[in-house]
Amino acid sequence: MENPPLEPKQFLRALFDAAVAAALPEKRVPAFLPDPPKGRTLAIGAGKAAATMARAVEDSWPGALSGLVVTRYGHGAPTARIEVIEASHPVPDEAGANAAWRMLDMVRGLSADDLVLSLISGGGSALLPMPFEGLTLADKQAINTALLKSGASIHEMNCVRRHLSGIKGGRLAVACYPAKVVNLLISDVPGDDPVDIASGPTVGDPTTCADALAIAARYGIDLPETAAKLLTSGASETINPDDPRLARVETHLIATPALALKAGAEIAQAHGIAPHILGDAIEGESRDVAKVLGGMVISVARHGEPFRPPCVLLSGGETTVTVRGSGRGGRNVEFLLSLALTLKGHAGIYALAGDTDGVDGLEEIAGAYIAPDTLERALGRGIRAQEALENNDGHGFFEALGDSLVTGPTLTNVNDFRAILIL
């Protein structure tokens with residue numbers, strides 16, 4: 001039996017909420033926990049979901065337990081046995097750097113009878129900064145800021161980060177050796193490659209210093225002299241996946257963007273709207289992705305091709321924004337601005353785009369909504385969508401219209417969720 005119909009905004013929010021709920025750590029962690037070891041159990045981790053992952057472990061773990069995780073400011077959760085530290089994201093700070101050093105010290109000297117539960121989720125790369133020998137935290141901050149503005153993909157950004165880190169790219173796993181390491185990963189990256197989730201602190205890395213150097217050159221990243229020398233010489237090479245010290249590392253993807261999209265699709269189906277999942281790994285410039293999807297949506301609305309309305313098109317992944325303006329941007333609101341301009345107020349089309357962690361860009365705003373009257377209402381307030389797009393000011397635009405999607409910290413992170421409803 002179908003559920004009663006919802007108005008478009010409520011319907012889209014219900015899909016987003018279902019996507020987030022499907023990826024909550026308390027639902028995903030328990031089934032992946034291993035048996036207790038003969039020796040100690042230590043929980044470590046980093047990411048926007050790290051605190052709630054730690055709490056889920058505590059709630060289900062039968063024996064002795066200790067550890068340390070680091071999460072974003074405001075994304076903490078109460079725990080009794082695993083310490084939670086909050087730090088800065090997306091640009092790292094001293095709190096994260098101190099946590100990284102403490103974590104590395106904590107895992108040194110473990111035995112083969114010990115177990116390390118590695119709780120990793122998106123955002124961990126910035127939250128667990130440890131500059132490679134010779135670099136400073138200021139170097140890492142400058143490089144990270146430049147990467148965020150460059151338009152580089154998350155794969156490319158994390159490749160550079162790994163090769164300038166003293167803890168990522170498998171280095172934390174090597175420090176745990178000979179203990180058994182069980183990775184519980186919540187993926188926020190297109191393709192769900194473990195090495196890209198928080199820059200892979202506890203998994204091997206097949207990329208090289210040469211790859212990182214090429215990426216920096218491609219995007220015009222001005223590397224500090226020491227960083228350039230490290231990459232050129234290969235001195236900061238990461239841990240290869242075939243390294244024997246990784247033989248006792250076991251990795252589980254416990255929540256993914258695909259899982260979240262399927263959860264949203266089930267809600268749509270229950271309300272009598274046909275869902276179509278376009279992909280969970282869509283990348284590219286936000287405004288360009290919006291133009292492509294907008295063209296498809298117009299075809300659906302006008303011609304019933306490739307899908308017949310009423311339907312909802314769902315997609316995930318991580319688009320990018322090349323920052324040229326000075327506005328309050330984010331990749332999801334940038335996508336929606338461009339989509340609204342592409343649709344030009346076409347009747348019967350509504351959309352939501354949001355980051356499942358509740359933070360789009362630097363703002364404590366998950367994303368926004370658009371409707372057929374979005375551009376008209378904006379003009380009525382003297383706001384032009386094209387100008388907002390050119391200034392990368394998506395949050396300013398949608399906040400003025402009252403169409404921001406504000407959730408607060410969701411305490412999980414399976415990347416972006418986009419839903420376009422065609423009636």
Side-chain angles (χ1 to χ4, degrees), residues 16-36 41-63 65-87 89 99 103 115-128 172 181-189 192 194 196-203 250-264 266 280 316 354-359 366 407-417:
F16 180 83
D17 289 345
V20 170
L24 291 175
E26 58 262 35
K27 293 183 178 180
R28 305 302 304 171
V29 165
F32 293 90
L33 291 174
D35 293 331
T41 300
L42 198 65
I44 59 173
K48 295 177 184 176
T52 42
M53 293 176 80
R55 184 172 61 189
V57 170
E58 287 193 349
D59 289 344
S60 300
W61 194 251
L65 177 69
S66 61
L68 170 69
V69 300
V70 58
T71 193
R72 191 180 196 267
Y73 290 120
H75 289 237
T79 54
R81 293 178 283 172
I82 303 168
E83 183 181 356
V84 175
I85 290 177
E86 297 185 7
H89 179 279
M103 196 176 296
L115 169 67
V116 177
L117 299 174
S118 177
L119 313 176
I120 304 295
S121 58
S125 190
L127 291 165
L128 202 64
L172 182 56
V181 177
V182 176
N183 289 320
L184 304 184
L185 310 183
I186 294 181
S187 173
D188 72 326
V189 296
D192 302 328
D196 280 323
I197 303 169
S199 296
T202 48
V203 297
E250 181 182 300
T251 299
H252 302 279
L253 286 163
I254 69 169
T256 64
L259 174 82
L261 290 172
K262 289 176 183 176
E266 289 174 3
D280 67 342
D355 197 319
T356 54
D357 65 8
V359 181
T407 63
T410 65
L411 307 181
T412 191
N413 185 13
V414 283
N415 222 324
D416 298 337
F417 179 89

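Computed over heavy atoms, backbone and side chain alike; hydrogens, waters and symmetry mates excluded.
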Legend entry - Donor-acceptor under 3.5 Å (Glu86 side chain, Val70 main chain): no
Inset, instruction - Say whether, by atom type as modelled, one donor and one acceptor occur between the side chain of Thr356 and the main chain of Val414 under 3.5 angstrom. - result: yes
Out of curiosity, [X] [atom1] to [Y] [atom2], how far, rounded to the nearest 0.5 Å?
{"X": "Leu261", "Y": "Glu266", "atom1": "CG", "atom2": "CD", "value": "11.5 Å"}
{"X": "Leu117", "Y": "Asn183", "atom1": "CG", "atom2": "CG", "value": "9.5 Å"}
{"X": "Leu127", "Y": "Ser199", "atom1": "CG", "atom2": "OG", "value": "11.0 Å"}

Validation row: [X], [Y] side chains within 4.5 angstrom (heavy atoms):
{"X": "Ile186", "Y": "Ile120", "result": "no"}
{"X": "Leu42", "Y": "Leu115", "result": "no"}
{"X": "Leu68", "Y": "Ile82", "result": "no"}

I'd like a table of donor-acceptor pairs (distance under 3.5 Å, sequence neighbours excluded) in which one partner is a side-chain atom from residues 44-56, with atom names and distances.
{"residue": "Lys48", "atom": "NZ", "partner": "Asp357", "partner atom": "OD2", "Å": "2.3"}
{"residue": "Thr52", "atom": "OG1", "partner": "Ala49", "partner atom": "O", "Å": "3.1"}
{"residue": "Thr52", "atom": "OG1", "partner": "Leu411", "partner atom": "O", "Å": "2.8"}

Inset, instruction - Check the pair Val57, Leu119 against side chain to side chain contact (heavy atoms under 4.5 Å, CB included), reporting the backbone distance first and the verdict last. - result: CA-CA 9 Å; Val57 170; Leu119 313 176; 4.0 Å; yes
Legend entry - Contact summary for Ile85 and Ala99, nearest pair of heavy atoms: CD1-CB, 4.0 Å
Inset, instruction - Could you note down all residue pairs passing salt bridge (charged side-chain N to carboxylate O under 4.0 Å, His left out) where residues 67-84 supplies at least one of them, sequence neighbours left out? - result: Arg72-Glu364, Glu83-Arg102
Could you go through residues 19-36 and list every donor-acceptor pair under 3.5 Å that involves a side-chain atom there, pairing it with any protein atom two or more places apart or in another chain?
{"residue": "Lys27", "atom": "NZ", "partner": "Ala21", "partner atom": "O", "Å": "3.4"}
{"residue": "Arg28", "atom": "NE", "partner": "Ile254", "partner atom": "O", "Å": "2.6"}
{"residue": "Arg28", "atom": "NH2", "partner": "Ile254", "partner atom": "O", "Å": "3.1"}

Legend entry - Partner of Asp192 under side-chain contact (heavy atoms from CB on, under 4.5 Å), chosen from Leu185, Ile197, Asp280: Asp280
